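Given the structure is predicted, the values throughout are model-derived calculations rather than measurements.
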Amino acid sequence: QVQLVESGGGLVQAGDSLRLSCAASGLTFSRFVMAWFRQPPGKEREFVATITWTGARTYYADSVKGRFTISRDNAKNTVYLQMNSLKPEDTAGYYCAANEIYSGRNPEYAYWGRGTQVTVSS
């Protein structure tokens with residue numbers, strides 16, 4: 001069965017960096033567009049970044065452009081989110097998602113991980 005497992009979250013200070021990983025299994029990874037979403041406390045889930053099948057295209061939410069980088073390693077069935085210059089407003093549960101068609105910021109992804117918590121203190 002399909003599984004997406006996030007890791008790499010933690011507690012950091014403003015300005016620090018973190019790299020999140022999402023390991024996928026039970027699917028042909030290269031056939032799926034991957035994405036990261038996040039849900040800040042008390043807020044709705046929001047789009048963060050997406051990457052196409054081979055990594056040829058990426059798309060980011062305005063709030064993270066220039067600070068976050070999404071990448072993938074199809075040989076390892078893993079998608080990453082490098083987060084630099086973290087801000088307190090980046091505090092959220094971070095979730096990876098997979099879908100066979102490109103939907104960008106659209107939250108209608110077929111598969112979701114359980115999330116990893118990122119907390120940024122000021």
Side-chain angles (χ1 to χ4, degrees):
Q1 193 59 255
V2 173
Q3 278 194 313
L4 304 177
V5 181
E6 302 94 337
S7 62
L11 174 63
V12 298
Q13 295 181 345
D16 285 352
S17 298
L18 278 176
R19 188 180 73 159
L20 307 183
S21 299
C22 174
S25 61
L27 78 173
T28 303
F29 187 71
S30 62
R31 296 182 64 177
F32 285 80
V33 174
M34 302 298 297
W36 288 93
F37 289 76
R38 67 186 183 185
Q39 187 167 19
K43 297 184 178 180
E44 298 295 320
R45 180 180 57 186
E46 64 184 27
F47 170 79
V48 175
T50 189
I51 186 166
T52 55
W53 301 267
T54 64
R57 291 184 61 192
T58 58
Y59 180 71
Y60 299 90
D62 288 342
S63 59
V64 306
K65 284 182 180 177
R67 299 189 298 120
F68 290 11
T69 303
I70 188 171
S71 62
R72 66 190 295 162
D73 187 338
N74 286 356
K76 296 182 178 180
N77 286 7
T78 302
V79 63
Y80 304 95
L81 185 68
Q82 178 67 44
M83 305 185 295
N84 297 329
S85 302
L86 283 162
K87 305 174 181 179
E89 49 262 49
D90 295 319
T91 294
Y94 282 73
Y95 301 84
C96 70
N99 210 59
E100 286 196 87
I101 63 171
Y102 183 78
S103 56
R105 70 181 73 184
N106 193 317
E108 298 177 356
Y109 284 74
Y111 302 105
W112 294 84
R114 291 187 176 184
T116 185
Q117 179 66 34
V118 173
T119 302
V120 184
S121 63
S122 59

Inset, instruction - Spell out, yes or no, whether Val79 and Phe68 are grouped together once hydrophobic residues are joined by side-chain heavy atoms under 4.5 Å, including indirect joins. - result: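 Yes, Val79 connects to Phe68 through the hydrophobic network.
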Legend entry - Hydrophobic cluster membership, Tyr95 vs Val118, 4.5 Å side-chain cutoff: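 Tyr95 and Val118: separate clusters.
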Side-chain donor-acceptor distances from residues 16-37 under 3.5 Å, at least two apart:
| residue | atom | partner | partner atom | Å |
| --- | --- | --- | --- | --- |
| Asp16 | OD2 | Gln13 | N | 3.1 |
| Ser17 | OG | Asn84 | OD1 | 2.9 |
| Trp36 | NE1 | Tyr80 | O | 3.4 |

Legend entry - Those residues that, when tested against Ala75, pass side-chain contact (heavy atoms from CB on, under 4.5 Å) (two or more places apart):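 With neighbours one apart ignored, the set is Asp73.
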Legend entry - Arg114: partners by side-chain contact (heavy atoms from CB on, under 4.5 Å), with sequence neighbours left out: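 side-chain contact (heavy atoms from CB on, under 4.5 Å) check on Arg114 returns nothing, list empty.
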Inset, instruction - With the side chain counted from C-beta on, respond yes when Thr50 and Thr58 share a heavy-atom pair under 4.5 Å apart, and no when they do not. - result: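 Of all side-chain heavy-atom pairs linking Thr58 with Thr50, none is under 4.5 Å.
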Inset, instruction - Answer yes or no: is there a side-chain heavy-atom contact under 4.5 Å between Ser103 and Glu108? - result: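 Sidechains of Glu108 and Ser103: no contact.
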Return all side-chain donor-acceptor pairs below 3.5 angstrom for residues 41-48, not counting sequence neighbours, or 'none' if the list is empty.
| residue | atom | partner | partner atom | Å |
| --- | --- | --- | --- | --- |
| Glu46 | OE2 | Arg38 | NE | 2.6 |
| Glu46 | OE2 | Arg38 | NH2 | 3.1 |

Rounded to the nearest 0.5 Å, what's the gap from [atom1] on [X] to [atom2] on [Y]? Could you check?
X     : Y      : atom1 : atom2 : result
Leu81 : Ser71  : CG    : OG    : 8.5 Å
Leu4  : Tyr109 : CG    : OH    : 12.0 Å
Arg67 : Ser85  : CZ    : OG    : 7.0 Å

Legend entry - salt bridge (Lys or Arg N to Asp or Glu O under 4.0 Å) partners of residues 49-63, not counting sequence neighbours, each pair once: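 Every pair satisfying salt bridge (Lys or Arg N to Asp or Glu O under 4.0 Å) with a residue in residues 49-63: Asp62-Lys65.
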Legend entry - Atom CD of Glu89 with >12 non-hydrogen neighbours under 6.0 angstrom: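 Counting neighbours around CD of Glu89, more than 12 heavy atoms of other residues, nucleotides or ligands fall under 6.0 Å, so yes.
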Inset, instruction - Dump the intermediate steps for side chain to side chain contact (heavy atoms under 4.5 Å, CB included) on Thr91 and Gln117, then the final yes or no. - result: CA-CA 8 Å; Thr91 294; Gln117 179 66 34; 4.0 Å; yes
Inset, instruction - Would you list the pairs meeting disulfide bond (SG atoms under 2.5 Å apart) in which at least one residue belongs to residues 53-90, sequence neighbours left out? - result: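 Qualifying pairs: none.
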Legend entry - Side-chain donor/acceptor of Trp53 to backbone N/O of Tyr102, under 3.5 Å: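 Answer holds: no.
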Legend entry - Donor-acceptor pair, side chain of Thr116 and main chain of Gly9, under 3.5 angstrom: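 Present.
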